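Right, one structure below, let's go through it.
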Amino acid sequence: MPYSMLDIRAIRQNPDEFKAKLARKKVPAEVIDALLAADEAWRSALAEVERLKALRNSTSEAIAVKKKNKEDASADIARMREVGEEIKRLDEMVREQEAAVQEYLLTLPNVPHDSVPDGESEADNPVLRTWGEVPKFSFEPRAHFEIAEELGILDTERAVKITGSRFVLYKGLGSRLERALAAFMLDLHTDKHGYTEMFPAFIANEDSLIGTGNLPKFGDEMFKLEGLPYYLIPTAEVPLTNYYRDEILSVDQLPVKFAGYSSCFRSEAGSAGKDTRGLIRLHQFQKVELVNLVLPEESYNVLEQLTRECEAVLQALELPYRTIEICTGDLGSKDAKKYDIEVWLPASNTYREISSCTNFEDFQARRANLRFRRDDSSRPEFAHTLNGSGLAIGRTVAAILENNQEADGSVRIPKALVPYMGGIERITK
RNA sequence: GGAGUGAUGGCCGAGUAGGUCGAAGGCGCUCGCCUGCUAAGCGAGUAUACGGUCAAAAGCCGUAUCGAGGGUUCGAAUCCCUCUCACUCCGCCA
């Protein structure tokens, strides 16, 4: 039952190593000490209550024998009645201590991989590679939301009326473009990269969200259904990673490669005032997400491969991008190592995140109890999980509109997408 | 939403007047034997988690687990309560 993101036994054996590694994620050493103290208290209470339970079990057997032989067992029964009370009391203590240990383990962040560069913030993320030519315009490039409104393919005002701010409504060829991108990305990943297409429910339960690491810490980043233990998924990562939760896979089932299309819902708590216009930051956006479940020894190779698979989408769409490596100061709580892919957005004259590719190692697998067996006689091991956006569709739309805009306000459809647009090569007024 | 039935190990499936049941039996699987291929046959083995022991693994010891949680009891797969899920029928519905 004890799910944990970190291996408590490993922490017991090498507390200093964990303190040092977690210090890179700004976890004070005292937290590890407190965890170990709670763990010690839990284990000693557990040892005591198990000793009493063993006594009760053996005595109960003796009572059964005595009764069968018509002997008097009342002294044993009276004694066990007291032992039972003591067990009840100690069980309560064990429960409390175990909950305390779990609380620590569920809220501690993942350990960053040794290769992750040190850094304080996103400003310190090294650029790994840059692809494509940044377009030159003979005019002042306009923002995607201006282009889109003028072309009549996006209606933000009415979306606000219908729902509220940070929601949009695609219309006409805008809607078609969304649909075309989803289909194109899914086809690319299933046909070229060996993924299995998945279409999950957009609502997940609490166990699933604990499994991926969204709960208990990040509940306020999601929309919860009122009165129900359900949340709108913030990404298809949640259903896809939890697909094999509480299961033991055989080794020949690995690697698992799922490509899932879904809407993604985010409360965007704490982002007031940021990216308030356009398609960059919404409460709902669509995304094709890639999830990999792999052997531990392969996960870092797979991370490189996964990143290339996501980059392949931008290359096919002829959109300039760069790939950066996330430093310790910018690394997410769940992440062991992460690359971001950033697409060029001419209107803001900057690269903007359009995909994150992350290796969680066994962090999620522990929480989700997702294991595999190397062969029939070996013990189950935790798999490694990875995911990457391939890609966020709203931001891809924004990138196409801005990079492919023309002086007359029209927008070129990337060649690879034309078949998905029913042959339409250009969106005009 | 209404009525009913059910939930046991990888699968199927025994087991309710509480007692040595982690749980019969079968299937599957693994290893070995045997048969000049295959099939059949014979023998052995075949859950998970946690704690302890150990440098570690194996092994060994202990605890827990028969949908989940709680209760009764010296003792619960078996009795009681609550919940969840699945299936069937009715109603409703894209």
Side-chain angles (χ1 to χ4, degrees), chain A residues 1-17 35-106 199 201-211 225 227-230 242-253 263 296 362 365-383:
Chain A
M1 141 91 197
Y3 299 146
S4 55
M5 68 180 257
L6 297 176
D7 186 351
I8 181 66
R9 272 175 292 199
I11 299 176
R12 273 177 213 149
Q13 282 176 355
N14 302 303
D16 293 335
E17 184 187 331
L35 162 65
L36 288 171
D39 178 56
E40 184 55 42
W42 169 63
R43 280 186 298 154
S44 71
L46 184 65
E48 177 63 10
V49 75
E50 287 192 348
R51 192 184 64 77
L52 291 179
K53 282 180 180 174
L55 173 66
R56 180 175 69 182
N57 286 346
S58 60
T59 308
S60 289
E61 271 181 42
I63 290 170
V65 171
K66 284 187 181 174
K67 287 214 166 179
K68 197 184 244 174
N69 297 337
K70 307 259 194 271
E71 295 172 31
D72 176 38
S74 57
D76 283 337
I77 290 175
R79 203 151 52 83
M80 285 309 104
R81 197 169 290 158
E82 286 172 30
V83 169
E85 291 303 312
E86 183 68 3
I87 287 173
K88 205 172 273 185
R89 197 180 63 77
L90 280 169
D91 260 340
E92 186 55 36
M93 262 177 70
V94 168
R95 249 195 302 277
E96 284 171 19
Q97 294 298 340
E98 184 176 356
V101 172
Q102 286 310 306
E103 177 71 16
Y104 280 113
L105 289 173
L106 282 172
F199 186 70
F202 296 175
I203 294 174
N205 61 31
E206 287 179 332
D207 282 345
S208 294
L209 290 155
I210 289 171
L225 299 207
L228 293 170
Y230 294 157
N242 278 282
Y243 184 78
Y244 285 120
R245 170 157 53 83
D246 289 323
E247 296 191 33
I248 301 173
L249 305 179
S250 63
V251 74
D252 51 281
Q253 287 178 272
S263 289
D362 64 4
R366 283 179 186 283
R367 300 170 73 109
N369 195 26
L370 195 174
R371 294 175 296 171
F372 72 96
R373 217 191 280 276
R374 290 185 191 272
D375 58 66
D376 287 333
S377 58
S378 60
R379 302 175 65 80
E381 297 173 49
F382 291 111

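Here the structure is a predicted model, which is why all the values come from computation and not from measurement. We name chains A, B, ... by the order of the sequence lines, and we start the count at 1 in each one.
Taking only side-chain nitrogens and oxygens, A:Arg56 never comes nearer than 4.0 Å to OP1 or OP2 of B:rC74. At least one side-chain nitrogen or oxygen of A:Arg9 sits closer than 4.0 Å to the OP1 or OP2 atom of B:rC50. For A:Asn57, a side-chain nitrogen or oxygen approaches OP1 or OP2 of B:rU63 to under 4.0 Å.
Both A:Glu50 and A:Leu46 lie close to RNA chain B; mapped to their nearest nucleotides by heavy-atom distance, the more 5′-ward contact belongs to A:Leu46.
Between B:rC66 and B:rC79, the distance separating the two C1' atoms is 16 Å to the nearest Å. To the nearest whole angstrom, the two C1' atoms, one in B:rU82 and one in B:rU72, are 15 Å apart.
As rounded to whole Å, 15 Å separates atom C1' of B:rC29 from atom CD1 of A:Ile248. For A:Asp76 and B:rU73, the CG to P distance is 18 Å, given to the nearest whole Å. As a whole-Å value, the separation of A:Lys66 NZ from B:rC74 P is 15 Å. To the nearest angstrom, P of B:rA49 lies 19 Å from CZ of A:Arg367.
Side-chain contact check for A:Lys66 versus A:Asp76: some heavy-atom pair is nearer than 4.5 Å.
Between the side chains of A:Asn205 and A:Ser208, a donor-acceptor pair is found at a separation under 3.5 Å.
Nearest to the side chain of A:Ala54, among B:rG62, B:rG75, B:rA64, sits B:rG62. Ranking B:rC74, B:rA64, B:rU20 by closeness to the A:Glu61 side chain, first place goes to B:rU20. With B:rG51, B:rC74, B:rA64 as the choices, the nucleotide that has an atom nearest any side-chain atom of A:Arg43 turns out to be B:rG51. For A:Met80, taking side-chain heavy atoms from C-beta onward, the closest of the listed nucleotides B:rU48, B:rG62, B:rC74 is B:rC74. Among the nucleotides B:rG19, B:rG52, B:rC74, the one closest to the side chain of A:Arg12 is B:rG52. Comparing atom distances between the A:Pro380 side chain and each of B:rG62, B:rG19, B:rU48 picks out B:rU48 as nearest. The A:Trp42 side chain lies nearest to B:rG51 when the options are B:rG51, B:rG62, B:rC74.
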